Amino acid sequence: MGGLQKKKFERGSATNYITRNKARKKLQLSLPDFRRLCILKGIYPHEPKHKKKVNKGSTAPRTFYLLKDIRFLLHEPIVGKFRDYKVFVRKLKKAYGKTEWSAVERLRENKPTYKLDHIIKERYPTFIDALRDIEDALCMCFLFSTFARTGKCHVQTIQLCRRLTVEWMNYVVAARALRKVFLSIKGIYYQAEVMGQLITWLVPYQFSHDHPTDVDYRVMATFTELYTTLLGFVNFRLYHSLNLLYPPKLDSKTESELREENEDDYAMNSECYLEKLSALSASLARVVSTAEEEEAELDQFPVEGEDLEKMEAREKELKQQEAQKKLFEGLKFYLNREVPRESLAFVIRSFGGQVSWDKSVCIGSTYEVTDETITHQIVDRPNINKQYINRYYIQPQWLYDCVNAKILLPVEDYFLGVTLPPHLSPFVEEKDGDYVPPEKEKILALQRGENPAHEQEDEDEEEEGEDEDEEEDDDNDDEEEEDEEEEAEEKNLKKMEEQKSQGKSLQVKVTPGKVKVENPARLEQEEKAEEKRLAIMMMKKKEKYLYDKIMFGKKRKIREANKLAAKRKAHDDAEKAKKKKARK
Amino acid sequence: MEGSSGNMRRSEQGEKMKKVREKTAKKRIKEEEEEEQDQIFDFNNKPAEEEEEEEDDLSDSEDSVYSGLEDSGSDSEDDEDEDLSDNSDDDYVKVESEQTEQTEEKKKTEEAVTEGGEKNEDEYERDSSDEEDIRNTVGNIPMEWYRDFPHIGYNLDGKKIYKPIRNKDELDDFLDKMENPDYWRTVHDKQTGSDIVLSDEQVELVNRLQRGQFGDVNFNEYQPSVEFFSNDVMLHPVTNRPADKRSFIPSLIEKEKVSKLVHAIKMGWIKPRRVEDDSRGHYYDLWANEDSSILAKHRMHLPAPKIPLPGHQESYNPPPEYLFTDEERALWEQQDPSDGKLPFVPMKFSSLRQVPAFPRFIHERFERCLDLYLCPRQRKMRVNVNPEDLIPKLPKPRDLQPFPSTQALVYRGHSGLVRSISVSPSGQWLASGSDDGSVRFWEVCSSRCMKTVQVGGAVKNVAWNPNPSICLLAVALDSLVLILSPSLADRQIVSSSERLLSGQQEAESSEGAGSVVWSEAEEEELNQGIRLKIQHPKTVHQVAWHAKGDYLASVMPDHSSHLQVFIHQLSRRRSQNPFRRNKGLVQSVSFHPIRPYFFVATQRSVRIYNLVKQEMTKKLQANSKWISSMAVHPAGDHVICGSYDCRLSWFDLDLSTKPYKMLRHHKKAVRGVAYHRVYPLFASASDDGSVIVCHGTVYNDLLQNPLIVPVKVLRGHVITHDLGVLDVTFHPTQPWIFSSGADTTIRLFT
């Protein structure tokens, strides 16, 4: 009655979203350009709550963007650059068609380019924001830096990626920021703590890539473009936070040492410096040369109660961290040529060790194999011909395990030709109830300073733990047990009855009654379990659903843990049997 | 004059140039021809001449280089040409002399052309005829064409050249080969048909050519080049021309060009060349002045979730328990990537050097990229609930005692499943009806079977008369309802019940329900205690007494008729059908304990009729598929319904027609429900073999809703044929409960 008729889809959520195609048209961009813009600006589609409403009643699958986001893109100066580029390409084509080579040249010279600095600043208003989002950038740059310089992307990009990753690694070494390393089947995971942020990145093993065909390298290249800019700025800032020169310069002292060697063997002059940097064997030059690290002493504040405990825990952690940072200090490593040099050098140097390698492997080796002061030689082959007495020959896993355990592990398990102990992920933090591999427990014991000789004890403990688990199970099974008891009674009665019905003279026998000793604790427990069961019956449907789901998840976790434990046990038993056989 | 001479000279020079070009072409061709030796030796007959010519060629080429350069210089600018003319006079003479030579040669060739006219273009193309000694004028044709003729061509005079009269066969050839020391340097000339013995020089020449060297021994191909024109100011310049005038005055053309460019730049048509700045690798402190003003712009932005960190199974050397067994591997291969499949197979390598590259590395990175820019992001609230908090806080069952908790007695004796049980109002006796066709009477306290009445048919239902002053039992079997007087009470009570049954003979009027037949029991049955038989038209499923004990309702479920419920009056032996219309399959009926209401439970709802006003007062929606049983609270304000879809619904008649509470405690169909008369207890029996006793306090205060607390799950009955507990009933005074099951037993829980 009266008033204007309300039109459908002109208010509410339908006006807040825009389909991808419409957005593209609004921005007057081609789809690849639109994609590139979304990647650079970090715009992602949104899933509306009521898709049908937003889709104007249709249920066709569409991608929606927030209208606000698209409006935000409208003001982006890079959009103009994209359009310029489109025009440039058109003009270039025309000039080619007319074979006006001078025009082609002139156009080429004025090819429109753009910078991403303002986008980085906009997307990451503070430095910490940028650090939080650096993981993907690192992974991507490390991947691109391993690409062969053929075809897949511009050589400059690869070189830039390599440069940035080397700078990053040098920073991590200089800041002693590395915390955890993990050798996985995908590559090597590193975790560093930079300005309080834990940053994890993955570096592929050094092999040439088998480039898949179903991957759009344009998308990856666009990401890399953004990431190199981001990583560069982050590196700059990080270097300056440590008073290091940026772009990094080697320490003048070490530089002169390195210069003595004939550099021409390794690389062209232009790349030589980068190679030397990437060798990671030398420290970097500082802005202030006297920069002896002065750790700012934390002031002690009087605290009480819980805070005190927390404070103590934190202090302990800090101490541990300090110790970890100096893990390899005073140790001298020598890398054989078959081990991954870069990774090992990075790890060793990050924890204060000295490292060298054969001169022919890479530039920047600092001492020879024959050096008597070498403490550890990292070898990854079954045996080695010439051995020096005063050094350990160990497999590379030892280093990584030491880093993760934050202590120097006994070297016996890692000698040449010895079957290595499993390499565990340092990222897994077991909560109670989760399965803990026995190796982890061993390491934990070592960390606590216990002697590994008491393995037997440990095993006992394990068993106890298992017992406890079983007890828990018992609680669940109580019900059934009751049933069983009753059934037993029933059986007795039935027997009696049968005897009765068979008409035989009932063997009237008075057996001395057994006093049922009821465990009061157990009784109470049962009662409680019963109570709980009854209460669960009275739950509302919704809550019951949630509760069941939670309990299901918990049970599954327990089941999985049990499965792993059982598998391990079976494996250990098999191993033992094998050993016994071998002994016989 | 000047101009004409210049012209002439230029034309001459042009000719010379052509010659030079010809010469070079010839040389090239010669090199080509070293493969076809027979052609080379055409002009071998006068090698001296040839050499001479070659010398000529050399000098010629030197000249040509010189003059050619000059020529190119003069080509562009006429003025310079004139100035240079003086200098190049001596050159000019040389050129002239050469020209004469050339013309002589030309003549020769022209002659040749006239003779072999048809090969004109061929000759010019290859240009080899001019210095050849032409004896045979047939030209460059395959000599097989003359195979069948006595001659092999024509000489310059047009006379035939005859083939030499000889026919060397293979043998001659062989002998020649063996004997003749010069055989290796003998060559057969097809064109003349004669054998030619090569001289030493010629052999040397062939060797040199074969080695790819120049034919002339003395020719140095690497002689130092003399730069005539260099940037050095020399003492004796090659040309001594004074500088042009135009080199002192600004060029108009250039001025024009420059002004054009300036104009284009001014108009912005041409942009100045951009300074090549390598901005890609140039970084600075971007966050020097951090301001949070931009933060507000992007409030909707959600940071992308991080990639989960790897677990033990991703290690290159994982603990053995994380490796796949064969079954797990098979399972993994079958799994769909969507249902939480591990994206890789855990593998173990004995040492680091054996670890290969991960084949899907680039894929994974790419997928991550796609996720970053194509996936809608949503903040998902993770419910972090302690499951213990979800459990409602209920009063402890211990505080709600008394309620039956343990099994006290088992009543055995029936051989079929016990369908129905009923406790006498005094609480001393228990009646049970079974599928074995008997009704048994038990003493509650001793579990002794006091009496067994064979009624001849599966008993569907038994019901004690709730009036304590009457001792009667109604039994429903087939289409009969029997009224039993078990005489298990005081004589006074027995006699009063007898009186009730016997005194109403006179009211034999069967009004309304003609299909119901009342009959007295026969002798034998009288002894057993059966007093009355009420014959119904259909199978009776349930009987229910009114609280006063005079009225009895019986239920005959039937979809298609309105004859489903009868209400019988014992004292007057009268039956009537209260309903005129069929409202659905009647499952059970019940009288209101105090007021004149009648509850009829159909398949999905419970209807409440006012018997006085003869109208329906309420219809309760049970929200269940199929009601199996119903019980009315002794106060009359609450009803519970059990249904075959495992639910128990509690209705509060004061609240609404919807259930106040739905209890889904049972795993299987609920068969029976019961209220305790005194205690705030109710129970439900189910096919899952359990009886659940609940505490249901009903407050007198209308504002307070009843509190329902399950207090005990009683188990004991064995499930047989998928049937568990069939009926349940409370002791009238004690907090005891009886249950009858499909396992032929009746159990008492106290």
Side-chain angles (χ1 to χ4, degrees), chain A residues 38-39 44-47 109-110 115 120-122 125-127 135 143 160 182-187 189 200 204-205 207 209 212 215 219-220 223 232-233 236-237 338 380 395-396 420 422-425 427-428 437 439 483 486 531 534-539 543 546-547 550-551 564 567-568 571, chain B residues 271 273-274 279-281 283-287 290 292 294-295 300 303 306 309-312 314-321 344 347 351-353 355 357-359 361-363 365-366 368-369 372-378 383 385 387 390-392 394 396-397 410 412 665 709-711 715-716:
Chain A
C38 284
I39 290 170
Y44 48 85
H46 279 257
E47 189 85 356
E109 269 163 13
N110 287 320
K115 279 181 141 191
I120 299 288
K121 175 81 180 174
E122 184 185 79
T126 62
F127 180 57
E135 291 191 353
L143 173 64
L160 186 62
F182 178 49
L183 300 168
S184 85
I185 52 175
K186 291 182 183 172
Y189 287 89
T200 316
Y205 288 117
F207 290 103
H209 292 280
V215 163
V219 170
M220 301 249 281
F223 269 105
F233 285 121
F236 186 93
R237 178 87 181 215
E338 69 272 10
D380 196 5
Q395 302 195 36
L420 289 168
H423 180 61
L424 298 173
S425 165
F427 304 117
V428 181
E439 287 83 9
D483 285 355
E486 277 173 31
E531 228 170 81
L534 291 171
I536 286 168
M537 287 201 310
M538 277 311 285
M539 272 162 111
E543 286 174 352
L546 188 62
Y547 180 82
I550 295 171
M551 292 320 271
L564 282 176
K567 242 169 130 181
R568 177 63 183 226
H571 178 265
Chain B
K271 290 195 181 76
R273 184 177 295 169
R274 206 183 35 214
S279 55
R280 263 169 84 78
Y283 303 109
Y284 52 92
D285 195 357
L286 189 68
W287 294 280
E290 295 186 345
S292 52
I294 316 170
L295 268 174
M300 287 288 279
K306 297 196 170 178
L309 292 170
H312 295 315
E314 205 180 312
S315 167
Y316 87 103
N317 182 14
E321 61 267 32
F344 54 88
M347 277 184 287
S351 66
L352 189 57
R353 70 171 185 279
V355 185
F358 187 61
F361 196 92
I362 296 178
H363 275 285
R365 280 276 28 109
F366 179 59
R368 169 72 178 170
C369 286
L372 284 179
Y373 88 104
L374 284 182
C375 274
R377 292 180 200 165
Q378 222 165 31
V383 191
V385 186
L390 290 173
I391 299 170
L394 294 174
K396 284 191 176 174
V410 181
R412 291 167 202 280
H665 298 165
V709 184
V711 287
R715 289 165 204 279

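Quantities reported herein were computed from a predicted structural model and do not represent experimental measurements. Every chain is numbered from 1, with letters handed out A, B, ... down the list of sequences.
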Main-chain N/O of A:Tyr44 paired to B:Arg377 side chain as donor or acceptor, under 3.5 Å: no
Looking at B:Ser351 and A:Asp380, would you say the former's side chain and the latter's main chain have a donor-acceptor pair under 3.5 Å?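 Answer holds: no.
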Parallel, tilted or perpendicular: which one describes the rings of B:Trp287 and A:Phe233, with boundaries at 30° and 60°?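 Perpendicular, since the angle between the ring planes exceeds 60°.
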According to the interplanar angle, ranging from 0 to 90°, do the rings of B:Phe361 and A:His209 count as parallel (below 30°), tilted (30 to 60°) or perpendicular (above 60°)?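 Rings of B:Phe361 and A:His209: tilted, 30 to 60°.
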Which one of B:Cys375, B:Ala357, B:Gly311, B:Pro710 has the most heavy-atom pairs closer than 4.5 Å to chain A? B:Pro710
Heavy-atom pairs under 4.5 Å with chain A, option from B:Val711, B:Leu390, B:Val709 with the top count: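 Between B:Val711, B:Leu390, B:Val709, the count favours B:Leu390.
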Answer whether the closest heavy-atom distance between the side chains of B:Pro310 and A:Phe427 falls below 4.5 Å.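 B:Pro310 reaches A:Phe427 side chain to side chain.
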Nearest-0.5 Å distance that lies between atom [atom1] in [X] and atom [atom2] in [Y]:
{"X": "A:Leu143", "Y": "B:Arg365", "atom1": "CG", "atom2": "CZ", "value": "7.5 Å"}
{"X": "B:Leu374", "Y": "A:Ile39", "atom1": "CG", "atom2": "CD1", "value": "8.0 Å"}
{"X": "A:His46", "Y": "B:Gln378", "atom1": "NE2", "atom2": "CD", "value": "9.5 Å"}
{"X": "B:Ile391", "Y": "A:Met539", "atom1": "CD1", "atom2": "CE", "value": "5.5 Å"}
{"X": "A:Leu424", "Y": "B:Asn317", "atom1": "CG", "atom2": "CG", "value": "9.0 Å"}

For [X], is it the side chain, the backbone, both, or neither that has a heavy atom closer than 4.5 Å to a heavy atom of chain B?
{"X": "A:Glu543", "value": "both"}
{"X": "A:Glu47", "value": "both"}
{"X": "A:Val219", "value": "side chain"}
{"X": "A:Ile550", "value": "side chain"}
{"X": "A:Pro396", "value": "side chain"}

Quick check on [X] against chain A: is it the side chain, the backbone, both or neither that has a heavy atom closer than 4.5 Å?
{"X": "B:Phe366", "result": "both"}
{"X": "B:Pro318", "result": "backbone"}
{"X": "B:Glu314", "result": "both"}
{"X": "B:Tyr284", "result": "both"}

I'd like to know whether A:Ile120 forms a side chain to side chain contact (heavy atoms under 4.5 Å, CB included) with B:Leu286, so could you lay out the CA-CA distance, the side-chain angles of the two residues, the decisive distance to 0.1 Å, and finally the verdict. CA-CA 9 Å; A:Ile120 299 288; B:Leu286 189 68; 3.4 Å; yes
Any idea which heavy atoms bring [X] and [Y] closest together, and the distance?
{"X": "B:Cys369", "Y": "A:Met220", "result": "SG-SD, 4.3 Å"}
{"X": "A:Glu439", "Y": "B:Pro319", "result": "OE1-CB, 4.2 Å"}
{"X": "B:His312", "Y": "A:Ser425", "result": "ND1-N, 3.0 Å"}

Top of A:Met537, A:Glu338, A:Lys186 for chain B proximity - count of heavy-atom pairs under 4.5 angstrom: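 Highest number of pairs under 4.5 Å: A:Lys186.
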Looking only at A:Tyr205, A:Phe236, A:Phe207, A:Phe182, most heavy-atom pairs under 4.5 Å shared with chain B are made by A:Phe236
